[in-house]
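Read the numbers this way: they start at 1 and go in the same order the structure lists the ligands and their atoms.
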Amino acid sequence: MTDFIDLRSDTVTRPTPEMRRAMAEAEVGDDVFGDDPTVNSLQDYAAELLGKEAGLYVPTGSMGNQVSLGSLSRPGDEVVCEAGAHFLHYEGGSASAHLGLMMRPLLGVNGVITADQVSAAIRAGTEHNPHTAVVAMENTHNSAGGRVFPIDEARAVSKVTRERAVALHMDGARIFNAQAATGTPAAEWAACVDTLTFCFSKGLGAPVGSMVVGSTDVIAEAHRLRKRLGGGMRQAGVIAAAARVALETGPARLADDHANARRLAETLADLNPDSVDLDAVETNMIYVDLGAFDTTGSELSAALRSEGVLTLGGPGTLMRLVTHRDVSANDIEAACRALRKVLGTP
Ligand SMILES: Cc1ncc(COP(=O)(O)O)c(C=O)c1O
(Lines give C-alpha, C1' and ligand atoms only; values in the text may rest on other atoms or scores of the structure.)
Protein backbone atom coordinates (compact mmCIF):
# COMPACT_ATOMS: atom_id res chain seq x y z
CA MET A 1 0.00 0.00 0.00
CA THR A 2 3.02 2.27 0.28
CA ASP A 3 2.77 3.66 -3.25
CA PHE A 4 -0.88 4.62 -2.87
CA ILE A 5 -2.13 8.00 -1.71
CA ASP A 6 -4.11 6.72 1.22
CA LEU A 7 -7.13 8.84 2.16
CA ARG A 8 -8.96 6.11 4.09
CA SER A 9 -8.07 7.32 7.58
CA ASP A 10 -5.47 9.21 9.61
CA THR A 11 -4.70 5.91 11.35
CA VAL A 12 -2.73 4.57 8.38
CA THR A 13 0.49 6.54 8.96
CA ARG A 14 3.87 4.77 9.30
CA PRO A 15 6.28 5.76 12.05
CA THR A 16 8.76 8.44 10.96
CA PRO A 17 12.53 7.74 11.09
CA GLU A 18 12.64 9.84 14.28
CA MET A 19 9.94 7.67 15.85
CA ARG A 20 11.70 4.47 14.82
CA ARG A 21 14.96 5.76 16.30
CA ALA A 22 13.23 6.69 19.55
CA MET A 23 11.64 3.23 19.68
CA ALA A 24 14.97 1.51 19.15
CA GLU A 25 16.63 3.56 21.86
CA ALA A 26 13.76 3.61 24.39
CA GLU A 27 14.56 2.90 27.99
CA VAL A 28 12.03 0.33 29.16
CA GLY A 29 10.83 -1.58 32.21
CA ASP A 30 7.75 -3.56 33.20
CA ASP A 31 4.93 -1.03 33.06
CA VAL A 32 2.55 -3.30 35.00
CA PHE A 33 5.03 -2.83 37.89
CA GLY A 34 5.13 0.90 37.06
CA ASP A 35 8.77 0.46 36.06
CA ASP A 36 8.80 1.78 32.51
CA PRO A 37 10.47 5.21 32.56
CA THR A 38 9.40 6.06 29.00
CA VAL A 39 5.73 5.35 29.75
CA ASN A 40 5.89 7.17 33.08
CA SER A 41 7.44 10.24 31.55
CA LEU A 42 4.94 10.23 28.65
CA GLN A 43 2.04 10.06 31.11
CA ASP A 44 3.46 12.96 33.14
CA TYR A 45 4.18 14.99 30.02
CA ALA A 46 0.66 14.48 28.62
CA ALA A 47 -0.99 15.29 31.94
CA GLU A 48 0.99 18.51 32.23
CA LEU A 49 0.25 19.51 28.64
CA LEU A 50 -3.48 19.01 29.22
CA GLY A 51 -3.41 20.61 32.67
CA LYS A 52 -4.51 17.48 34.52
CA GLU A 53 -3.03 15.70 37.54
CA ALA A 54 -2.32 12.34 35.93
CA GLY A 55 -2.26 10.36 32.70
CA LEU A 56 -2.63 6.72 31.70
CA TYR A 57 -1.20 5.25 28.52
CA VAL A 58 -3.64 2.80 26.92
CA PRO A 59 -3.35 0.69 23.77
CA THR A 60 -6.29 2.25 21.91
CA GLY A 61 -8.76 5.11 21.91
CA SER A 62 -11.53 2.57 22.43
CA MET A 63 -9.90 1.37 25.64
CA GLY A 64 -9.37 5.00 26.66
CA ASN A 65 -13.10 5.63 26.33
CA GLN A 66 -13.93 2.47 28.27
CA VAL A 67 -11.62 3.10 31.21
CA SER A 68 -12.80 6.71 31.34
CA LEU A 69 -16.52 5.93 31.30
CA GLY A 70 -16.03 3.01 33.67
CA SER A 71 -14.08 5.11 36.17
CA LEU A 72 -16.89 7.64 36.35
CA SER A 73 -19.85 5.28 36.73
CA ARG A 74 -21.26 2.04 38.08
CA PRO A 75 -22.98 -0.77 36.13
CA GLY A 76 -26.58 0.18 35.33
CA ASP A 77 -25.74 3.87 35.07
CA GLU A 78 -26.50 5.96 32.03
CA VAL A 79 -24.13 7.83 29.73
CA VAL A 80 -25.51 10.83 27.83
CA CYS A 81 -23.76 11.23 24.48
CA GLU A 82 -24.25 12.60 21.01
CA ALA A 83 -26.16 10.28 18.65
CA GLY A 84 -23.16 9.78 16.37
CA ALA A 85 -20.62 9.16 19.16
CA HIS A 86 -17.77 6.89 18.16
CA PHE A 87 -18.15 4.68 21.24
CA LEU A 88 -21.86 4.25 20.52
CA HIS A 89 -21.37 2.94 16.98
CA TYR A 90 -17.82 1.78 16.41
CA GLU A 91 -16.45 0.23 19.58
CA GLY A 92 -18.31 -3.07 19.56
CA GLY A 93 -20.84 -2.08 22.20
CA SER A 94 -18.01 -2.19 24.76
CA ALA A 95 -19.54 0.24 27.27
CA SER A 96 -22.60 -2.00 27.54
CA ALA A 97 -20.83 -5.34 27.24
CA HIS A 98 -17.92 -4.66 29.58
CA LEU A 99 -19.16 -1.90 31.86
CA GLY A 100 -22.92 -2.51 32.02
CA LEU A 101 -23.66 1.06 30.98
CA MET A 102 -26.73 2.35 29.19
CA MET A 103 -26.39 4.90 26.45
CA ARG A 104 -28.67 7.91 26.08
CA PRO A 105 -27.94 9.40 22.65
CA LEU A 106 -29.02 12.99 21.96
CA LEU A 107 -29.28 14.27 18.42
CA GLY A 108 -26.73 17.03 18.06
CA VAL A 109 -25.95 19.48 15.29
CA ASN A 110 -22.54 18.92 13.71
CA GLY A 111 -21.79 16.46 16.51
CA VAL A 112 -22.38 19.08 19.18
CA ILE A 113 -24.85 18.61 22.05
CA THR A 114 -25.82 21.78 23.84
CA ALA A 115 -25.89 22.61 27.53
CA ASP A 116 -29.70 22.90 27.31
CA GLN A 117 -30.02 19.43 25.80
CA VAL A 118 -27.72 18.00 28.44
CA SER A 119 -29.59 19.74 31.22
CA ALA A 120 -32.91 18.31 30.00
CA ALA A 121 -31.47 14.81 29.65
CA ILE A 122 -29.98 14.46 33.13
CA ARG A 123 -32.43 12.35 35.11
CA ALA A 124 -34.11 13.44 38.30
CA GLY A 125 -32.58 10.63 40.31
CA THR A 126 -35.61 8.68 41.51
CA GLU A 127 -35.37 4.94 42.12
CA HIS A 128 -37.28 4.37 38.85
CA ASN A 129 -34.60 5.81 36.60
CA PRO A 130 -31.11 4.79 35.66
CA HIS A 131 -28.63 7.13 37.29
CA THR A 132 -27.16 9.65 34.83
CA ALA A 133 -23.48 9.25 35.70
CA VAL A 134 -21.59 10.69 32.73
CA VAL A 135 -22.05 13.08 29.83
CA ALA A 136 -19.67 12.62 26.91
CA MET A 137 -18.59 14.99 24.14
CA GLU A 138 -16.51 14.10 21.07
CA ASN A 139 -13.91 16.52 19.74
CA THR A 140 -13.32 16.55 16.88
CA HIS A 141 -16.42 14.60 15.99
CA ASN A 142 -15.63 11.81 13.59
CA SER A 143 -19.01 10.95 12.08
CA ALA A 144 -19.97 14.63 11.87
CA GLY A 145 -16.95 15.16 9.60
CA GLY A 146 -14.15 16.20 11.95
CA ARG A 147 -16.18 19.07 13.42
CA VAL A 148 -14.84 20.97 16.42
CA PHE A 149 -16.84 21.03 19.67
CA PRO A 150 -16.88 24.82 20.29
CA ILE A 151 -15.09 25.71 23.51
CA ASP A 152 -17.90 28.01 24.69
CA GLU A 153 -20.45 25.21 24.40
CA ALA A 154 -18.07 22.81 26.15
CA ARG A 155 -17.81 25.31 29.01
CA ALA A 156 -21.60 25.65 29.15
CA VAL A 157 -22.04 21.85 29.22
CA SER A 158 -19.40 21.66 31.95
CA LYS A 159 -21.25 24.24 34.05
CA VAL A 160 -24.42 22.14 33.84
CA THR A 161 -22.73 18.83 34.67
CA ARG A 162 -20.87 20.35 37.62
CA GLU A 163 -24.05 21.91 39.01
CA ARG A 164 -25.87 18.60 38.64
CA ALA A 165 -22.97 16.47 40.00
CA VAL A 166 -22.63 14.46 36.78
CA ALA A 167 -19.20 13.56 35.41
CA LEU A 168 -18.04 14.83 32.02
CA HIS A 169 -15.85 12.94 29.54
CA MET A 170 -14.38 14.10 26.26
CA ASP A 171 -13.46 11.62 23.55
CA GLY A 172 -10.72 13.86 22.24
CA ALA A 173 -9.21 11.27 19.90
CA ARG A 174 -8.42 14.24 17.63
CA ILE A 175 -8.28 17.04 20.21
CA PHE A 176 -5.10 18.44 18.67
CA ASN A 177 -6.92 18.86 15.36
CA ALA A 178 -9.45 20.98 17.27
CA GLN A 179 -6.53 22.95 18.74
CA ALA A 180 -4.95 23.44 15.31
CA ALA A 181 -8.25 24.52 13.74
CA THR A 182 -9.16 27.09 16.38
CA GLY A 183 -5.98 28.14 18.19
CA THR A 184 -7.67 27.16 21.46
CA PRO A 185 -5.19 25.12 23.53
CA ALA A 186 -6.33 21.51 24.08
CA ALA A 187 -5.95 22.15 27.82
CA GLU A 188 -8.95 24.49 27.70
CA TRP A 189 -11.25 21.66 26.67
CA ALA A 190 -9.53 19.40 29.21
CA ALA A 191 -10.33 21.97 31.92
CA CYS A 192 -14.04 21.41 31.24
CA VAL A 193 -14.02 17.65 31.79
CA ASP A 194 -13.18 14.96 34.35
CA THR A 195 -11.53 12.68 31.78
CA LEU A 196 -10.19 13.35 28.32
CA THR A 197 -8.80 10.72 25.97
CA PHE A 198 -6.68 11.47 22.94
CA CYS A 199 -4.99 9.27 20.37
CA PHE A 200 -1.33 9.27 19.35
CA SER A 201 -2.14 6.96 16.46
CA LYS A 202 -4.33 9.31 14.43
CA GLY A 203 -3.26 12.74 13.14
CA LEU A 204 -0.26 12.85 15.48
CA GLY A 205 1.16 9.94 13.48
CA ALA A 206 2.35 7.40 16.09
CA PRO A 207 1.93 3.70 15.38
CA VAL A 208 0.14 2.77 18.62
CA GLY A 209 -1.52 4.20 21.68
CA SER A 210 -3.82 6.67 23.35
CA MET A 211 -3.80 8.65 26.58
CA VAL A 212 -6.37 9.28 29.28
CA VAL A 213 -5.89 12.30 31.52
CA GLY A 214 -7.77 13.25 34.66
CA SER A 215 -7.43 13.62 38.42
CA THR A 216 -5.11 11.32 40.37
CA ASP A 217 -8.11 9.46 41.83
CA VAL A 218 -9.90 8.93 38.54
CA ILE A 219 -6.71 7.80 36.82
CA ALA A 220 -6.05 5.31 39.65
CA GLU A 221 -9.46 3.78 38.93
CA ALA A 222 -8.81 3.88 35.18
CA HIS A 223 -5.54 2.02 35.83
CA ARG A 224 -7.44 -0.75 37.63
CA LEU A 225 -9.93 -1.00 34.75
CA ARG A 226 -7.14 -1.03 32.15
CA LYS A 227 -5.76 -4.13 33.85
CA ARG A 228 -9.20 -5.74 33.99
CA LEU A 229 -9.67 -5.17 30.27
CA GLY A 230 -6.31 -6.74 29.51
CA GLY A 231 -4.58 -3.49 28.66
CA GLY A 232 -1.72 -3.70 31.16
CA MET A 233 1.31 -3.82 28.88
CA ARG A 234 4.87 -4.71 29.89
CA GLN A 235 7.81 -3.01 28.11
CA ALA A 236 5.41 -0.51 26.58
CA GLY A 237 8.14 2.15 26.46
CA VAL A 238 9.00 0.83 23.00
CA ILE A 239 5.72 2.19 21.64
CA ALA A 240 5.42 5.07 24.12
CA ALA A 241 8.71 6.44 22.73
CA ALA A 242 7.09 6.90 19.32
CA ALA A 243 4.02 8.41 20.97
CA ARG A 244 6.28 10.96 22.68
CA VAL A 245 7.76 12.04 19.35
CA ALA A 246 4.23 12.24 17.92
CA LEU A 247 3.03 14.44 20.77
CA GLU A 248 6.06 16.72 20.56
CA THR A 249 6.08 17.11 16.79
CA GLY A 250 2.53 16.25 15.67
CA PRO A 251 0.31 19.11 16.81
CA ALA A 252 2.29 21.82 14.99
CA ARG A 253 1.91 20.16 11.61
CA LEU A 254 -1.83 19.38 11.74
CA ALA A 255 -2.58 22.70 10.04
CA ASP A 256 -0.98 21.21 6.90
CA ASP A 257 -3.47 18.33 6.98
CA HIS A 258 -6.30 20.82 7.34
CA ALA A 259 -5.05 22.87 4.37
CA ASN A 260 -4.78 19.66 2.34
CA ALA A 261 -8.34 18.67 3.27
CA ARG A 262 -9.56 22.10 2.19
CA ARG A 263 -7.75 21.80 -1.14
CA LEU A 264 -9.43 18.44 -1.79
CA ALA A 265 -12.82 19.80 -0.74
CA GLU A 266 -12.44 22.82 -3.02
CA THR A 267 -11.62 20.56 -5.94
CA LEU A 268 -14.76 18.52 -5.26
CA ALA A 269 -16.86 21.67 -4.87
CA ASP A 270 -15.44 22.87 -8.16
CA LEU A 271 -16.52 19.63 -9.83
CA ASN A 272 -19.98 19.84 -8.25
CA PRO A 273 -20.91 22.37 -5.54
CA ASP A 274 -23.58 20.00 -4.17
CA SER A 275 -21.01 17.32 -3.38
CA VAL A 276 -19.43 18.98 -0.38
CA ASP A 277 -20.24 21.63 2.21
CA LEU A 278 -17.07 23.71 2.38
CA ASP A 279 -18.12 25.31 5.68
CA ALA A 280 -18.24 21.85 7.24
CA VAL A 281 -14.58 21.16 6.47
CA GLU A 282 -12.95 22.40 9.65
CA THR A 283 -10.13 19.89 10.14
CA ASN A 284 -8.72 16.88 8.29
CA MET A 285 -11.95 15.19 7.14
CA ILE A 286 -14.28 15.68 4.22
CA TYR A 287 -17.64 14.01 3.80
CA VAL A 288 -18.58 13.84 0.14
CA ASP A 289 -22.13 13.37 -1.12
CA LEU A 290 -21.58 11.16 -4.13
CA GLY A 291 -25.23 11.46 -5.09
CA ALA A 292 -24.12 14.74 -6.69
CA PHE A 293 -22.00 12.67 -9.09
CA ASP A 294 -24.55 9.91 -9.49
CA THR A 295 -22.12 7.32 -8.19
CA THR A 296 -21.58 5.20 -5.08
CA GLY A 297 -18.68 4.82 -2.69
CA SER A 298 -17.79 1.38 -4.03
CA GLU A 299 -17.74 2.60 -7.63
CA LEU A 300 -15.69 5.68 -6.87
CA SER A 301 -13.29 3.75 -4.64
CA ALA A 302 -12.61 1.24 -7.39
CA ALA A 303 -12.05 4.00 -9.96
CA LEU A 304 -9.74 5.98 -7.66
CA ARG A 305 -7.77 2.89 -6.74
CA SER A 306 -6.78 2.42 -10.35
CA GLU A 307 -5.51 6.03 -10.23
CA GLY A 308 -3.38 5.24 -7.16
CA VAL A 309 -5.71 6.73 -4.54
CA LEU A 310 -7.14 4.64 -1.72
CA THR A 311 -10.52 5.53 -0.21
CA LEU A 312 -13.10 3.74 1.90
CA GLY A 313 -16.16 3.22 -0.25
CA GLY A 314 -19.36 1.38 0.61
CA PRO A 315 -22.57 0.82 -1.32
CA GLY A 316 -24.01 4.18 -0.19
CA THR A 317 -23.38 7.67 -1.50
CA LEU A 318 -21.51 9.14 1.46
CA MET A 319 -17.72 8.97 1.39
CA ARG A 320 -15.24 10.16 4.02
CA LEU A 321 -11.80 11.35 2.93
CA VAL A 322 -9.10 11.94 5.55
CA THR A 323 -5.76 13.72 5.29
CA HIS A 324 -2.77 12.96 7.51
CA ARG A 325 0.99 13.02 8.03
CA ASP A 326 1.76 10.61 5.18
CA VAL A 327 -0.12 12.63 2.53
CA SER A 328 1.91 15.55 1.23
CA ALA A 329 0.67 18.64 -0.60
CA ASN A 330 1.99 17.06 -3.82
CA ASP A 331 0.02 13.90 -3.08
CA ILE A 332 -3.07 16.04 -2.66
CA GLU A 333 -2.48 17.63 -6.06
CA ALA A 334 -2.24 14.11 -7.53
CA ALA A 335 -5.43 13.08 -5.70
CA CYS A 336 -7.19 16.17 -7.08
CA ARG A 337 -6.10 15.23 -10.60
CA ALA A 338 -7.44 11.72 -10.02
CA LEU A 339 -10.77 13.12 -8.77
CA ARG A 340 -11.04 15.40 -11.81
CA LYS A 341 -10.27 12.51 -14.14
CA VAL A 342 -12.74 10.12 -12.52
CA LEU A 343 -15.56 12.54 -11.66
CA GLY A 344 -15.13 15.37 -14.13
CA THR A 345 -17.38 15.67 -17.13
CA PRO A 346 -15.52 14.35 -20.17
C1 LIG B 1 -13.53 9.87 17.75
C2 LIG B 1 -12.88 8.54 17.96
N3 LIG B 1 -12.82 8.04 19.20
C4 LIG B 1 -12.24 6.86 19.46
C5 LIG B 1 -11.68 6.12 18.45
C6 LIG B 1 -11.11 4.79 18.78
O7 LIG B 1 -9.74 4.70 18.61
P8 LIG B 1 -9.04 3.29 18.40
O9 LIG B 1 -9.24 2.93 16.97
O10 LIG B 1 -7.60 3.55 18.75
O11 LIG B 1 -9.68 2.31 19.32
C12 LIG B 1 -11.71 6.60 17.14
C13 LIG B 1 -11.11 5.82 16.04
O14 LIG B 1 -11.19 6.16 14.89
C15 LIG B 1 -12.34 7.85 16.89
O16 LIG B 1 -12.42 8.35 15.65
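- When all heavy atoms of Leu69 and Ala95 are compared, the pair lying nearest together is CD1-CB, 4.3 Å.
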Distance-only check: which donor-acceptor pairs under 3.5 Å involve side-chain atoms of residues 49-59, not counting sequence neighbours?
from	atom 1	to	atom 2	distance (Å)
Lys52	NZ	Ala190	O	2.8
Lys52	NZ	Val193	O	2.7
Glu53	OE1	Thr216	N	2.7
Glu53	OE1	Thr216	OG1	2.7
Tyr57	OH	Val208	O	3.1

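- At a cut-off of 3.5 Å, with distance as the only test, a side-chain donor of Asn142 or Arg320 sits close to an acceptor on the other residue.
- In terms of modelled atom types and a separation under 3.5 Å, the side chain of Thr283 and the main chain of Gly146 share a donor-acceptor contact.
- Within 4.0 Å of ligand 1, protein heavy atoms belong to Thr60, Gly61, Ser62, Asn65, His86, Glu91, Glu138, Asn142, Asp171, Ala173, Arg174, Lys202, listed by chain and number.
- For Glu91, there are no salt bridge (Lys or Arg N to Asp or Glu O under 4.0 Å) partners, not counting sequence neighbours.
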Counting only pairs under 3.5 Å, give me each side-chain donor-acceptor contact of residues 149-156, with atom names and distances, residues two or more places apart or in other chains.
from	atom 1	to	atom 2	distance (Å)
Glu153	OE2	Ala115	N	2.9
Arg155	NH2	Glu188	OE1	2.4

